[in-house]
Amino acid sequence: MQDKIVMVTGANSGMGLATTMELARRGAYVIMVCRSAERGEIARAAAIIESGSQNIELMIADLGDLDSIRRFVIEYKSRYQVLDVLINNAGVVSLKRQLTSNGFEMNIGINHLGHFLLTNLLLDRLMVADQGRIVNVSSGAYKVGKIHVEDPSLKKGYNVAKGYAQSKLANILFTKQLAVRLKGTRVTVNCLHPGAVLTNLGVDRKTGFGKRVYMLLRPFFLSAEQGSQSAIYLATAPEISGVSGEYFYRQQIQKLSPRATNMIDAQWLWQWSEEQVGL
Ligand SMILES: NC(=O)c1ccc[n+]([C@@H]2O[C@H](COP(=O)([O-])OP(=O)(O)OC[C@H]3O[C@@H](n4cnc5c(N)ncnc54)[C@H](OP(=O)(O)O)[C@@H]3O)[C@@H](O)[C@H]2O)c1
């Protein structure tokens with residue numbers, strides 16, 4: 001990964017931080033994309049110590065805020081001509097129905113729409129890399145998900161499983177449709193399920209609510225380092241340089257359930273997402 005520029009969203013916590021540390025250790029220049037400068041700086045300092053690399057930079061973007069994403073991309077492009085790897089890792093699990101600053105239901109707004117805009121705006125920089133890679137961190141939770149074409153913002157009958165699973169299914173359909181659009185280029189896009197991993201996902205950042213449940217279940221979870229292996233593999237492995245549009249678990253391509261291979265839904269989602277983010 002020497003001299004490669006890698007961008008990791010949600011890099012201050014959990015698997016994003018573990019991915020940052022390992023890729024920096026392997027020689028990459030890592031851009032940590034975080035929404036909080038304070039949490040980002042603390043994590044960056046830890047990543048520098050842990051990896052032994054100074055090539056770790058913090059940049060600020062809130063994936064729940066389209067203006068923030070656009071500002072971030074303008075800044076990135078003013079300084080860097082190329083992007084080798086984009087790891088769309090940031091994610092939330094929203095227990096109640098909440099809205100982003102642009103009025104999107106929070107799971108789909110951050111987990112899918114924020115990354116949809118970010119990725120599309122960065123495609124030109126990925127295209128000029130030797131072999132650009134996009135890695136979307138999805139989840140096995142997609143299996144209980146559905147794209148609610150009539151009500152994607154889940155105004156009716158919201159529950160956390162419905163919201164999170166829809167957003168993680170959207171990560172996969174986005175991967176599928178983007179792979180079609182990237183055919184004939186050197187850029188690949190793949191997605192993954194990391195396993196059940198002990199992180200801060202679903203833990204309230206202010207109150208810490210949810211942390212105790214994790215601690216009780218600790219023996220059943222992978223560590224963040226273990227959970228980050230799939231993203232690191234998809235970002236680095238030479239043998240998959242020509243593989244695109246696939247869903248991985250434990251470094252193996254997995255068969256997807258029919259809803260995640262429905263290209264009519266994938267096309268609908270693409271068009272809807274373009275309209276929502278104003279592309
Ligand atoms: N943990 C699991 O068992 C599991 C299983 C399957 C899939 N996943 C997926 O793995 C990915 C990483 O999650 P994790 O488990 O490592 O959780 P985590 O420790 O909670 O990390 C999530 C990261 O996303 C960031 N983030 C959240 N909202 C953001 C926003 N609006 N803008 C920018 N960054 C934002 C968080 O920043 P703050 O610290 O500022 O909130 C944090 O850095 C997620 O996509 C998740 O869906 C996790």
Side-chain angles (χ1 to χ4, degrees), residues 7-21 31-44 46-47 58-69 71-72 87-94 98-102 104-115 117-118 135-145 160-161 163-172 174-175 191-211 213-214 217-218 220-232 234 247-250:
M7 191 181 280
V8 183
T9 68
N12 62 286
S13 173
M15 285 180 271
L17 180 55
T19 303
T20 296
M21 288 172 173
I31 312 270
M32 301 175 72
V33 183
C34 302
R35 63 175 157 181
S36 154
E38 195 187 344
R39 287 194 288 274
E41 267 312 336
I42 293 168
R44 177 174 170 269
L58 171 66
M59 291 183 79
I60 303 301
D62 181 345
L63 288 155
D65 178 345
L66 302 179
D67 288 342
S68 166
I69 296 169
R71 275 196 303 274
F72 162 73
I87 303 181
N88 288 322
N89 162 83
V92 291
V93 172
S94 190
Q98 298 180 76
L99 302 181
T100 67
S101 54
N102 299 100
F104 305 135
E105 186 280 311
M106 194 163 276
N107 295 284
I108 200 145
I110 293 174
N111 301 354
H112 167 64
L113 289 170
H115 285 123
L117 178 63
L118 179 72
V135 178
N136 293 327
V137 180
S138 178
S139 166
Y142 90 84
K143 289 178 190 157
V144 295
V160 57
Y164 183 65
Q166 172 173 253
S167 75
K168 291 288 132 178
L169 176 59
N171 291 157
I172 300 176
F174 169 50
T175 303
C191 59
L192 65 98
H193 168 53
V197 188
L198 189 74
T199 63
N200 290 311
L201 193 69
V203 174
D204 189 297
R205 296 297 194 262
K206 288 193 194 104
T207 63
F209 179 77
K211 193 88 191 164
V213 180
Y214 261 134
L217 296 171
R218 194 182 186 116
F220 305 104
F221 282 81
L222 300 173
S223 68
E225 291 69 30
Q226 291 167 325
S228 63
Q229 292 310 309
S230 302
I232 292 164
L234 291 184
Y247 171 77
F248 285 75
Y249 175 51
R250 292 186 173 165

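Given the structure is predicted, the values throughout are model-derived calculations rather than measurements. Heads up: numbering here begins at 1 and tracks the sequence. As the structure lists them, so they are numbered: ligands from 1, and atoms in each ligand from 1.
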- Task: Given side-chain contact (heavy atoms from CB on, under 4.5 Å), test L99 with M106 step by step and report yes or no.
- Result: CA-CA 5 Å; L99 302 181; M106 194 163 276; over 6 Å; no

- Output yes when the distance from some N or O of ligand 1 to some N or O of M15 is under 3.5 Å, and no in every other case. yes

- Task: Using heavy-atom distances, let me know which of G140, A90, G227 sits nearest atom 34 (N) of ligand 1.
- Result: A90

- Checking side-chain contact (heavy atoms from CB on, under 4.5 Å) against V135, which of N89, L234, I232, V8 comes through? L234

- Message: If we count only N and O atoms by modelled type, under 3.5 Å, do the side chains of N200 and S13 hold a donor and an acceptor together?
- Response: yes

- For N12 and ligand 1, answer yes if some heavy atom of the residue is under 4.0 Å from a ligand atom, otherwise no. yes

- Message: Give the atom numbers and elements of ligand 1 that come within less than 4.0 Å of a heavy atom of D62.
- Response: 30 (C), 31 (N), 32 (N)

- Under 4.0 Å to a heavy atom of S13 - the qualifying atoms of ligand 1, by number: 18 (P), 19 (O), 21 (O), 42 (C), 43 (O)

- Query: Any non-hydrogen atom of A61 lying under 4.0 Å from ligand 1?
  - Reply: yes

- N136 side chain to T175 side chain, donor-acceptor N/O pair below 3.5 angstrom: yes

- If we number the atoms of ligand 1 from 1 as shown, the ones under 4.0 Å from a heavy atom of V92 are 27 (C), 28 (N)

- Query: N/O of N200 under 3.5 Å from N/O of ligand 1, yes or no?
  - Reply: yes

- Message: Polar contacts were defined as any N/O atom of the residue lying under 3.5 Å from an N/O atom of the ligand; does this apply to L201 and ligand 1?
- Response: yes

- Item | Spatial distance of atom SG (C191) from atom CZ (F248) [nearest 0.5 Å] | 9.0 Å

- Task: Verify whether one side chain among S230 and H193 offers a donor that lies under 3.5 Å from an acceptor in the other.
- Result: no

- Query: Is a donor on one side and an acceptor on the other found under 3.5 Å between the side chain of Q229 and the backbone of E225?
  - Reply: yes

- Does an N or O anywhere in V197 fall below 3.5 Å from an N or O of ligand 1? yes

- Message: Before you tell me yes or no, could you show the steps for V92 and N111 under side-chain contact (heavy atoms from CB on, under 4.5 Å), namely the whole-Å CA-CA distance, both residues' side-chain angles and the distance that decides it to 0.1 Å?
- Response: CA-CA 7 Å; V92 291; N111 301 354; 3.5 Å; yes

- Counting heavy atoms only, which of G195, A141, S139 comes nearest to atom 4 (C) of ligand 1? G195

- In sequence, state the C-alpha distance, the side-chain angles, and the governing distance for F221 and T199, and then conclude on side-chain contact (heavy atoms from CB on, under 4.5 Å). CA-CA 9 Å; F221 282 81; T199 63; over 6 Å; no

- Task: Please could you name the atoms of ligand 1 that A196 approaches to less than 4.0 Å, counting only its heavy atoms?
- Result: 3 (O)

- Roughly how far, to the nearest 0.5 Å, is CG of N171 from NE2 of H112? 8.0 Å

- Task: Evaluate side-chain contact (heavy atoms from CB on, under 4.5 Å) for V197 paired with Q226, printing each intermediate quantity in order.
- Result: CA-CA 8 Å; V197 188; Q226 291 167 325; over 6 Å; no

- Message: Please list, in number order, the atoms of ligand 1 under 4.0 Å from a heavy atom of G64.
- Response: 31 (N)

- Pull out every atom of ligand 1 sitting under 4.0 Å from any heavy atom of P194, numbered as shown with elements. 5 (C), 6 (C), 7 (C), 8 (N)

- Task: Please confirm whether F221 comes under 4.0 Å of ligand 1, counting heavy atoms of the residue only.
- Result: no

- Query: Would you say G202 touches ligand 1, if touching means a heavy atom closer than 4.0 Å?
  - Reply: no

- Numbering as shown, the atoms of ligand 1 that approach R39 to under 4.0 Å (heavy-atom distance): 38 (P), 39 (O), 40 (O)

- Query: So between N89, I110, T9, N88, whose heavy atom ends up nearest atom 45 (O) of ligand 1?
  - Reply: N89

- Item | Residues, nucleotides or ligands: over 12 heavy atoms within 6.0 Å of R205 CZ | yes

- Using a strict 4.0 Å cut-off to heavy atoms of V137, name the atoms of ligand 1 that fall inside it. 9 (C), 10 (O), 11 (C), 45 (O)

